[in-house]
**Student:** 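Sharing a structure here in structure tokens format.
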Protein chains: 4
Amino acid sequence: MNYQEIISEIYDDLKSTEDSGQVASIIPELAKIDPDQFGVYLTTADNREFGIGEWGTKFSIQSITKVFALSLAYQLVGDRLWKRVDVEPSGSPFNSLVQLETNNGIPRNPFMNAGALVVCDILMGQFENPAEHFLSFIREVASSTGISYSETIANSEKATGYRNIALCNYLKSFGNLENDPDQVLDFYFNICSIEMSCQELSNAFLFLVNDDFRTSENRQVLNMSQAKRVNAIMQTCGFYDESGEFAFRVGLPGKSGVGGGIIAVHPDKYCIAVWSPKLNKKGNSYRGMKFLELFTTKTASSIF
Amino acid sequence: MNYQEIISEIYDDLKSTEDSGQVASIIPELAKIDPDQFGVYLTTADNREFGIGEWGTKFSIQSITKVFALSLAYQLVGDRLWKRVDVEPSGSPFNSLVQLETNNGIPRNPFMNAGALVVCDILMGQFENPAEHFLSFIREVASSTGISYSETIANSEKATGYRNIALCNYLKSFGNLENDPDQVLDFYFNICSIEMSCQELSNAFLFLVNDDFRTSENRQVLNMSQAKRVNAIMQTCGFYDESGEFAFRVGLPGKSGVGGGIIAVHPDKYCIAVWSPKLNKKGNSYRGMKFLELFTTKTASSIF
Amino acid sequence: MNYQEIISEIYDDLKSTEDSGQVASIIPELAKIDPDQFGVYLTTADNREFGIGEWGTKFSIQSITKVFALSLAYQLVGDRLWKRVDVEPSGSPFNSLVQLETNNGIPRNPFMNAGALVVCDILMGQFENPAEHFLSFIREVASSTGISYSETIANSEKATGYRNIALCNYLKSFGNLENDPDQVLDFYFNICSIEMSCQELSNAFLFLVNDDFRTSENRQVLNMSQAKRVNAIMQTCGFYDESGEFAFRVGLPGKSGVGGGIIAVHPDKYCIAVWSPKLNKKGNSYRGMKFLELFTTKTASSIF
Amino acid sequence: MNYQEIISEIYDDLKSTEDSGQVASIIPELAKIDPDQFGVYLTTADNREFGIGEWGTKFSIQSITKVFALSLAYQLVGDRLWKRVDVEPSGSPFNSLVQLETNNGIPRNPFMNAGALVVCDILMGQFENPAEHFLSFIREVASSTGISYSETIANSEKATGYRNIALCNYLKSFGNLENDPDQVLDFYFNICSIEMSCQELSNAFLFLVNDDFRTSENRQVLNMSQAKRVNAIMQTCGFYDESGEFAFRVGLPGKSGVGGGIIAVHPDKYCIAVWSPKLNKKGNSYRGMKFLELFTTKTASSIF
């Protein structure tokens, strides 16, 4: 069976069973989406591509953006990055603020909100206009000029993101933020609001698959060692309090977003983007998780 | 360069630099060991073997035993296991007792002491004489009859293991233990006291490398899916609060013990056992961690 | 209205309204008691006595014993006591074990189980036969030879007290216990099993009311400063996570037990013992709390 | 010895011994103060007044303002107040944010910053111009028109108060704040910036001593039951993580501020204000704590 057959079969399977997830309610604007959309896109190391369902529809990538932010910061400042953010799983969905207290303001990993805010702060120190630069970076990596911020989504988060405001000011109180908290939050809400399709995401993540990946501008995003390390962090920290479960069931490095997207990477073989807005209790796409579990089982392609 | 040259080169390198670790002090008997011993053994999927240093000397495998216990319990009770223990990283070296409070007595993973005690409790429900049976299992998997418990080490732990006694009674108070806490502890201290050489360990872990692994009695230890899942848990939870760091630096599933041993597994390629008694601040072998980081870098064999 | 009229009126009032508490289930033997018993006894500074209901029936004083243990230890070792146990409220009913981690084995106060275990350990260092001596002390303070341990209750706790076993071994692991944990637990379960009537309790606590209190053997229990300090600790820590509420509603130093007893002390004026087995959600006697709130309101005798 | 002799003697005593405290550094503006100032003022229930040292110098009352805010809110909304803030001691100086997580946004007491912010939010719902009204209230209670906000101090807090900004937005994320977090913070920083002398403070707190206290406008601040309850909360929660210690050593309800002020109340007898800027490790005035301990010992006037 080839990839197209496999993804089609799993897709049909899941389409015909109930989706018991819930659309995210914490960002009001996200709740307006059609919850039954479902798309999948697979890009292989040798540039074959396969899609099924709404793979061309753009959606809010949300926390998946943290992988782009981390990668760009890693490219720019190298291992100095790890003085301000650790690489350990966090242990609890609720302990973001608690955790900062016990670790004196060092977020446990760059995929917790606190860690991503520190990464944003680092990026802001590198560019005159970080929002513009960040968007250029993603467009280049994804080879797609049609990627943009969603002002509506960003504003929706700004208006209701009290917990993130709390987190950002808390980081500042520990001295682990150089810029003004309000400006860091602005940048953070912006990069989370980026909208991409499964196809764009899947193509963009090839830099974590192919050691010799070059962007459309013929630039390397990360060297091999760096790419492996970003994959390692995705493996141990990519799914909040379900990271262990994802390693256990799917067996690939990956990252989810509250918009219902998941990207998973098989180093050497492929990357795959899945999108379905309804989330399970841990905040990850219900159908997305199911799809990927079935996919690595059928293809026997867990990295473990 | 072949494997023998690579491990020899790294070995010589580390031998000539200072070992800034500390021998474990929590088990008095362990502190009596010669701290400068250092051994490495590599077994490949196609049964080639390579050793350097004290690869034939037996040492206390301590927490590495948890992988054997988990695998045997998984073989025997299957996925029912996960009702009593979770598969998520724990987030903190200190939160074993805290964590049980917030999770109502369900340990976060089978490699925390609390989780291993639950696994012991499960094994005790399967056998008349669990200690005898467990030893037979390890001897069979390692194809070595010379493996035994160390009564001295087990007694040393019993005499000073107040925190484990606390943990075990705490589990019992939540109802997540069927047997008497004292008997569970006895069994637990016993299986931690097993002594094996790097060679024995490396050979024993082949069941997590080869899908068609058979013991000397021609038995399968785990099916492919189960083996992958045990590897996944080692990846996310095998090094306490340094699990993220190990994934980041080494990029292999593995498990450490306070006796200074580390086993690491490359699914499909090899397993490797390293032993050096001095531990870093997180309680993992200082030289062992360094060795494995250099090894996966030189062989470009991180799974990420 | 005199004291007899006041306690009778409140008693009748509460007898005619529903008791929505629940008998303690954590000690099986305690659950066998007739849950509708209700007794009150008041002893004034000038030795007038007033009782209503089952004031003469003995019941398991449980944690109230901690005040006797603290007072005896304070008498014997003075302020050295505070090196091993603090005097701060604990903040949470559930954090006994957590709290020990953050405070390196120093219990926050002598009325948490952990703190009482440390006090027991101190008493054991003072006597050949601490259990015998402790009983003599209580009999002398209460001027009653009919007070005894309940072997049945003590054994019931020993058989099911896994959480206390955990706590005690945890303390030992921090080095804040000189004796063997099993022996400390034995002594602790014994002193908690003491049975006294409201009359005996109320008379016994006069040493925290009258500055010149003398026992039947003409001995002072505590000097004035010490008595005030024990009262202060009862005020801030006497009711677990309801200590603030008790100060707020009743306004007297006091101590409750899971057997349904409460003792409250008005320094200078009186002490009062109330007993009713059904407990509220925080583990304190439902009717006992109500009674005392109404009593200090009617007599305008809150210390605040 | 009369009160004047007693306070003079203790004052001289402490003046001649070293003050090992440290001036608060968290609010830059506060650090500019002369650290050796020391004032005491005592007002009795029968309106006798006694002062020593810098009793007439105004200082930043900081958290002492929380008692005024609580009292005014209690007067205005009565027991509805307790639906939004609890009355239990907090257990730890560091757990303000942690605590909100475990209690779903209900602060444990009105003297933690989180609780005081909720009280501010309640006051803001009562007045067109809460800042103006609050100042009038304090002036009336203290019978002094010369009391004002310090814009310098308030601005200094605003510019550096990241932790309070975090806390306030965190409360908002739980829905326990009706107003805009920025406006609540503005009001909060304002009321903390009020400057009063020991004399003004001591006179102002008479409403917690005398049951029939009337302001200069002949108004009652709180009824007897309410006053007793505010005293009870001060007793159990008035000194952060040193509340138990204060009850133990001093034995009076009281409240401290990071500006070095402490107010203590003996219900029925007196209130006393002490001010000395250097703080002990728990953040309470070093000399203030010492003074009050000696004072209640010499006058044997602990309430216990």
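Note: hydrogens, waters and symmetry copies are ignored here, and every other heavy atom, side chains too, is used. Letters A, B, ... mirror the listed sequences (proteins, then strands); counts begin at 1.
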**Student:** Which distance, rounded to the nearest 0.5 Å, do you find between the CG of D/Leu185 and the CG of A/Asn169?
**Tutor:** 9.0 Å

**Student:** With sequence neighbours left out, write down each residue that passes side-chain contact (heavy atoms from CB on, under 4.5 Å) with D/Ser256, or none if nothing qualifies.
**Tutor:**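 Listed in chain order: D/Phe239, D/Tyr240, D/Ile262, D/Asn284.
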
**Student:** Assess whether atom NZ of D/Lys58 is packed by more than 12 heavy atoms of other residues, nucleotides or ligands within 6.0 Å.
**Tutor:**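 More than 12 within 6.0 Å, yes.
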
**Student:** Roughly how far apart are D/Lys172 NZ and A/Thr160 OG1, rounded to 0.5 Å?
**Tutor:** 11.5 Å

**Student:** Hey, can you pull the donor-acceptor pairs under 3.5 Å for the side chains in residues 71-78 of chain A, sequence neighbours left out?
**Tutor:**
unit_1  : atom_1 : unit_2   : atom_2 : d
A/Ser71 : OG     : A/Val67  : O      : 2.8
A/Tyr74 : OH     : A/Asp79  : OD1    : 3.0
A/Gln75 : NE2    : A/Val221 : O      : 3.0

**Student:** Give, for atom OH of A/Tyr162 and atom CG of D/Leu177, the distance between the pair rounded to the nearest 0.5 Å.
**Tutor:** 9.0 Å

**Student:** Closest approach of A/Ala166 and D/Tyr170, non-hydrogen atoms and distance?
**Tutor:**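 That closest heavy-atom pairing would be CB-N, 3.7 Å.
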
**Student:** Tell me if the CD atom of D/Glu195 is crowded by more than 12 foreign heavy atoms within 6.0 Å.
**Tutor:**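 Count over threshold, so yes.
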
